[in-house]
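Here's the structure we're looking at; comments come further down.
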Amino acid sequence: MNVDEALHLLKQGTTELLPEATLKQKLERSAQTGKPLRVKLGIDPSAPHLTLGHAVVLRKLRQFQDLGHTAILLVGDFTRLVGDPSGESSTRPLITKEIIEENMKTYQEQAFKILDPEKTELRYNSEWLNPLGVQGIIQLTSKYTVARMLERDDFSKRYEENSPISVLEFLYPLLQAYDSVALEADLEMGGHDQLFNLLMGRDIQPHYDQESQVVLTVPLLIGTDGTKSMGQSKGNYIGISEAPEQIFGKIMSLPDELMQQYYELLTNVPWDEVKDLHPKACKVRLGKIMVSWFHSEADAQAAEDNFEQVYARKEVPDDMPEVGVNLANFEGGSIWIIELLDQANLIGTRSEARRLVQQGGVQIDGEKITEVDFQVTPQNGMVLKAGKHKFAKIKLEG
RNA sequence: GGUGGGAUACCGAAGCGGCCAACCGGGGCGGACUGUAAAUCCGCUGGCUACGCCUACGGGGGUUCGAAUCCCUCUCCCACCA
């Protein structure tokens, strides 16, 4: 593949690639010298899952690897320890080093479902930020102005809205920029919300006698709620290490309108090929592609079958948790329906269970129960259903 | 340092002495519908040993027959001025 073809490929599915000419130069130089480009991607180790949102960038990173370049997965362990309050929320909970390390273990595993481990460099920014010291940080802060800081969209917005911005938040992008210095990054990529931070790296590097990195951003994947970008703190994510049925189910529950974006950002299937399918079929296909990607084709098929069985045909799943019931503990050999639901762990609170019963969401062996005071005479193998998809099977004991 | 504003349930946001377990929106849950766990429509949404009881409107104290609502104080936050 020649440089122009590579450039064309790399540019696909990006929202920004700046400056393109510089990337071309870098690619050319790399081709001549045989020295791979260093491509940086920072990840926040605060939550244990990588999501489909990450998968979008990771795919892009993989393309660089396939062209022979080096991927640098940068873990912001230092910056995270300091606590990054960036975004809407003011203060993020502090987490410990142990948790970060724990998370990282699973991150690596997950990331390598997409990346080539051979061409990946895993780094922690505490490596250079710790020794940097106050002096180093002060020096760093002298290289950027408050006015430029306020250019950042979410800063200016929050400033106007009178919501707080801590000084720490100004520091955060600077430290991130310094990471690029330490890593001698040729290019840094990220979600589109990272644009400002990435550009700051460009500005800072020359102060340390380095060539500026190229900046590449990809669109933010919309989460399962259909409105906000996918993120773990927002609870609207699909994790790439989730169980096959989970991934499949979550895909199926995405709003139909999201399909185009998901196909374009996460698959090699052209949208034209699937856009005329029935919306359900379109989603099923996507769901299977995703499960196959992170698990296997067999898992994908199984997930689909399970879905059809439980949700489409509303049948009882093959396996479900069992509840042990000891009749000796109950007078007259019967048990209050609310009590039973509670024991089966199908509900959060008993008030919730009452509502569920009143609203017709509880069934025993397919019979709808509507009386809150209903007394059940348990039998072995009785199937209890609470809500749309929570089941339990009764097992007599004693 | 000064002045003013604010803190309400999972989130956002009303209420400003009894009609408040607290309007409304989001979220969540349930039901109906559907070749989707999509969309749409309807309902529910503090807990409990449940026609009653308990806990709740930043923390503590007070006024009152009665407070989320009034007073005092503490904590935290925001803005403006310096």
Side-chain angles (χ1 to χ4, degrees), chain A residues 85 87-93 155 157-169 222-228 230-238 242-263 274-288 290-291 303-317 329-331 335-343 346-363 366-375 384-391:
Chain A
E88 310 300 305
S89 60
S90 44
T91 318
R92 293 221 230 146
F155 282 156
K157 226 182 265 165
R158 284 159 64 196
Y159 193 67
E160 278 163 32
E161 284 169 4
N162 295 339
S163 32
I165 303 171
S166 75
V167 173
L168 174 68
E169 292 180 77
I222 301 295
T224 52
D225 58 354
T227 49
K228 290 181 289 223
M230 184 177 286
Q232 284 171 91
S233 52
K234 291 176 236 167
N236 63 351
Y237 71 97
I238 302 177
E242 288 189 72
E245 307 80 56
Q246 287 288 312
I247 295 178
F248 192 87
K250 285 187 179 184
I251 296 274
M252 291 307 288
S253 74
L254 290 172
D256 293 351
E257 304 78 64
L258 252 40
M259 282 305 100
Q260 179 169 4
Q261 191 194 27
Y262 273 65
Y263 269 96
V274 291
K275 71 173 186 213
D276 294 324
L277 291 176
H278 181 281
K280 184 191 171 190
C282 181
K283 268 195 239 179
V284 167
R285 174 140 184 215
L286 180 70
K288 289 175 81 172
M290 290 299 110
V291 177
E304 183 190 356
D305 293 344
N306 179 271
F307 178 86
E308 286 298 327
Q309 185 178 9
V310 178
Y311 301 107
R313 296 201 300 272
K314 300 203 159 105
E315 291 169 1
V316 173
N329 295 338
F330 301 97
E331 284 176 44
I335 175 172
W336 184 28
I337 180 70
I338 305 295
E339 175 76 31
L340 184 62
L341 287 167
D342 193 16
Q343 295 216 350
L346 293 174
I347 49 155
T349 67
R350 293 182 170 218
S351 296
E352 192 183 311
R354 280 168 177 270
R355 276 178 235 131
L356 200 59
V357 171
Q358 278 161 357
Q359 292 176 144
V362 174
Q363 291 180 10
E367 293 278 322
K368 197 175 273 192
I369 308 297
T370 48
E371 288 295 313
V372 171
D373 298 321
F374 192 82
Q375 294 287 323
L384 198 58
K385 181 183 181 194
K388 280 182 180 136
H389 50 263
K390 285 198 259 178
F391 296 91

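Below, read A as the first sequence line, B as the second, and so on, with proteins coming before strands; counting in each chain starts at 1.
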Between [X] (side chain) and [Y] (backbone), is there a donor-acceptor pair under 3.5 Å?
{"X": "A:Lys250", "Y": "A:Thr224", "value": "no"}
{"X": "A:Gln363", "Y": "A:Leu384", "value": "no"}
{"X": "A:Tyr311", "Y": "A:His389", "value": "no"}

In this structure, how many angstroms lie between the [atom2] atom of [N] and the [atom1] atom of [X], rounded?
{"X": "A:Leu346", "N": "B:G30", "atom1": "CG", "atom2": "P", "result": "12 Å"}
{"X": "A:Asp342", "N": "B:G47", "atom1": "CG", "atom2": "P", "result": "13 Å"}
{"X": "A:Leu341", "N": "B:C48", "atom1": "CG", "atom2": "P", "result": "13 Å"}
{"X": "A:Arg350", "N": "B:U55", "atom1": "CZ", "atom2": "C1'", "result": "18 Å"}
{"X": "A:Asp225", "N": "B:G28", "atom1": "CG", "atom2": "P", "result": "8 Å"}
{"X": "A:Glu352", "N": "B:G30", "atom1": "CD", "atom2": "C1'", "result": "10 Å"}

Taking atom [atom1] in both [N] and [M], what distance in whole Å separates the two?
{"N": "B:A56", "M": "B:U75", "atom1": "P", "result": "23 Å"}
{"N": "B:U36", "M": "B:A13", "atom1": "C1'", "result": "34 Å"}
{"N": "B:C48", "M": "B:C24", "atom1": "P", "result": "24 Å"}
{"N": "B:U73", "M": "B:A79", "atom1": "P", "result": "25 Å"}
{"N": "B:C23", "M": "B:G15", "atom1": "C1'", "result": "8 Å"}
{"N": "B:A14", "M": "B:C65", "atom1": "C1'", "result": "28 Å"}
{"N": "B:G58", "M": "B:G6", "atom1": "P", "result": "13 Å"}
{"N": "B:G59", "M": "B:U69", "atom1": "P", "result": "11 Å"}

(Q) For nucleotides 31-45 of chain B, give me one character per nucleotide, 5' to 3': B if any protein heavy atom sits under 4.0 Å from the base, S if the only such contacts are to the sugar-phosphate, - if neither. (A) SS-BSBBB----BSS
**Q.** For A:Asn236 against A:Gly231, the heavy-atom pair lying closest together
**A.** OD1-N, 3.0 Å
Q: Looking only at non-hydrogen atoms, find the nearest pair between A:Arg350 and A:Trp336 and report the distance.
A: NH1-CZ3, 3.9 Å
Q. Residues in side chain to side chain donor-acceptor pair (under 3.5 Å) with A:Asn306, at least two apart?
A. none
Q: Just call it for A:Ser351: base, sugar-phosphate, or nothing, with non-hydrogen atoms closer than 4.0 Å on any strand.
A: base
Q) How should the glycosidic conformation of B:C51 be described, syn or anti, under the criterion that syn lies within 90° of 0? A) syn
Q: Take A:Met259 and A:Lys283 through the test side chain to side chain contact (heavy atoms under 4.5 Å, CB included) and record every step on the way to the result.
A: CA-CA 7 Å; A:Met259 282 305 100; A:Lys283 268 195 239 179; 3.4 Å; yes
Q: With side chain to side chain contact (heavy atoms under 4.5 Å, CB included) as the test, would you mind laying out the steps for A:Met252 and A:Lys280 before giving the verdict?
A: CA-CA 8 Å; A:Met252 291 307 288; A:Lys280 184 191 171 190; 3.9 Å; yes
Q.
With rounding to the nearest 0.5 angstrom, report the NZ to CG distance, A:Lys385 to A:Leu356.
A. 10.5 Å
Q | First of A:Ile338 and A:Lys390 reached from the 5' end of RNA chain B, by closest nucleotide | A | A:Lys390
Q) Which range-with-range stems can be found for RNA chain B when each stem has 3 or more Watson-Crick or G-U pairs in a row and both distances sit under 3.5 Å? A) B:1-7 with B:75-81, B:10-12 with B:24-26, B:27-32 with B:40-45, B:46-48 with B:52-54, B:58-62 with B:70-74
Q. Side-chain contact, heavy-atom cut-off 4.5 Å: A:Glu315 with A:Glu308?
A. no
